[in-house]
Amino acid sequence: MTGLVGFGAFGRLIAAHLRAHCRIRVYDPALPRGTDIPMAGVEAGSLAQAASCPIVILAVPVTALEETVRAIRPYLVRHALVVDVGSVKVVPARIMCQELPDHVRIVATHPLFGPQSARDGIAGHRIAVCPLRGTRAGRLVAFLRRTLGLRVILTTPDAHDRDAATAQGLTHLLARVLVGMEPLPARITTRSFEHLRAAAGMVRHDAPEVYHAIAHLNPYSSAVRDRFFAIARQVEDECAAAGPAP
């Protein structure tokens, strides 16, 4: 039995792909008591019921993680494995290591995909895995690779956030610019432009909490943003110096 705390878009994606391998007990405060979840192998339960499972997955916004960790703490069984799926890792790692009891194992993860990019399946997608306490995550990594077909990247929270600040931060910045410039051309386009538009489409419907975590809770995001805008101003100056088109 796996406990799943949080049943938003990503929580539902987790349940859809894990339910063939284990029973899942879901808790989300937005689910009314007695809700019948239309997924075989997935049932709604109380916070205590979800948090007392041998594996507990926290699929909540990073901004709600500390409150959630404190809420589940009294119900966690000895040697339980607690896993988060947040878009940043330094902040969640600190929260979980400080707030969770010493008798539980902790692994921080970041699935590098979402409901949009994984709409045709998750096999072949990447997931960052950061073992934090009590485990080397060998069995988890084997399950992710062999059973779910994911490409596992073993890393640390700091190394993750350094790379993600650029990889995710720039993607969301460019997506916000492209969305702001709509309507975009649809007939006379290039392959490169279509790739840009597709990339923007993958993240444009991300929950506001996801963008907030990427842009403001990653300790390296502000430096990447500053560099991006500095280079953009340099490009603007070069265009101005070239003069108007004839």
Side-chain angles (χ1 to χ4, degrees), residues 1-28 31 37-45 49-62 65 68-69 72 75-89 92-93 96 100 103-157 159-160 163-164 167-168 202-203 206 210:
M1 177 71 76
T2 294
L4 177 60
V5 181
F7 204 56
F10 202 83
R12 292 192 294 272
L13 181 67
I14 291 172
H17 289 280
L18 286 187
R19 65 192 179 99
H21 309 288
C22 62
R23 291 173 57 208
I24 299 172
R25 183 167 289 147
V26 172
Y27 170 77
D28 191 305
L31 289 175
I37 297 176
M39 284 187 186
V42 182
E43 62 188 55
Q49 290 173 323
S52 59
C53 293
I55 300 173
V56 181
I57 301 173
L58 307 179
V60 300
V62 178
L65 185 65
T68 302
V69 164
I72 68 171
Y75 308 114
L76 294 168
V77 300
R78 290 190 66 81
H79 307 303
L81 175 63
V82 180
V83 180
D84 88 302
V85 295
S87 299
V88 296
K89 293 274 67 79
M96 290 191 291
L100 288 173
H103 63 75
V104 303
R105 298 170 293 152
I106 308 171
V107 176
T109 77
H110 177 199
L112 298 166
F113 54 88
Q116 292 295 319
S117 57
R119 61 184 179 275
D120 296 323
I122 63 172
H125 284 283
R126 300 175 184 176
I127 182 169
V129 175
C130 308
L132 298 178
R133 185 206 292 166
T135 180
R136 294 181 180 177
R139 292 178 65 183
L140 174 62
V141 169
F143 173 77
L144 295 172
R145 283 177 174 160
R146 298 172 187 172
T147 305
L148 298 184
L150 293 170
R151 298 165 60 188
V152 177
I153 303 168
L154 283 169
T155 186
T156 66
H160 169 278
D163 286 349
Q168 288 188 293
M202 288 181 184
V203 300
D206 281 359
V210 173

S.K.: Looking only at heavy atoms, which two atoms of Gly121 and His17 are closest? And how far apart?
M.R.: CA-CE1, 4.3 Å

S.K.: Atom CE of Met96 and atom CZ of Arg133: how far apart are they, to the nearest 0.5 Å?
M.R.: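 Taking CE in Met96 and CZ in Arg133, the distance rounds to 9.5 Å.
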
S.K.: With rounding to the nearest 0.5 Å, note down the distance linking CD1 in Ile122 to OG in Ser117.
M.R.: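 Ile122 atom CD1 to Ser117 atom OG measures 10.5 Å (nearest 0.5 Å).
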
S.K.: Measure the spacing between CD of Glu43 and CE of Met1 and express it to the nearest 0.5 Å.
M.R.: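 Rounded to the nearest 0.5 Å, the CD-CE separation comes out at 4.5 Å.
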
S.K.: Which atom pair, heavy atoms only, marks the closest approach of Phe7 to Asp28?
M.R.: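 Looking at all heavy atoms of both residues, the closest pair is N-OD2, 2.6 Å.
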
S.K.: If every non-hydrogen atom of Ala118 is compared with every non-hydrogen atom of Leu13, which pair is closest and at what distance?
M.R.: CB-CD2, 4.4 Å

S.K.: Return a table of donor-acceptor pairs under 3.5 angstrom between the side chains of residues 107-115 and protein atoms on other chains or two or more places apart.
M.R.:
| from | atom 1 | to | atom 2 | distance (Å) |
| --- | --- | --- | --- | --- |
| Thr109 | OG1 | Asp84 | O | 2.6 |
| His110 | ND1 | His160 | NE2 | 2.8 |

S.K.: Testing the basics here: between Ala159 and Thr155, what is the closest heavy-atom pair and its distance to 0.1 Å?
M.R.: CB-OG1, 3.4 Å

S.K.: Quickly, which of Val85, Val83, Ile72 forms a side-chain contact (heavy atoms from CB on, under 4.5 Å) with Leu58? Name it, please.
M.R.: Ile72

S.K.: Distance check, rounded to the nearest 0.5 Å: Ile14 atom CD1 versus Ile24 atom CD1?
M.R.: 8.5 Å

S.K.: Could you give the distance from CG (Leu76) to CZ (Arg105), rounded to the nearest 0.5 Å?
M.R.: 12.0 Å

S.K.: Please check if the side chain of His21 supplies one atom and the backbone of Thr147 the other of a donor-acceptor pair under 3.5 Å.
M.R.: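 No, because the side chain of His21 does not come within donor-acceptor range (under 3.5 Å) of the backbone of Thr147.
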
S.K.: So, for Ala50 and Tyr27, which heavy atoms are closest and what is the spacing to 0.1 Å?
M.R.: CB-CB, 3.9 Å

S.K.: Could you state the interatomic distance from CD (Gln116) to CG (Asp206), rounded to the nearest 0.5 Å?
M.R.: 8.0 Å

S.K.: For Cys53 versus Ala80, what's the shortest heavy-atom pair and its separation?
M.R.: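 Taking every non-hydrogen atom into account, O-CB, 4.1 Å.
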
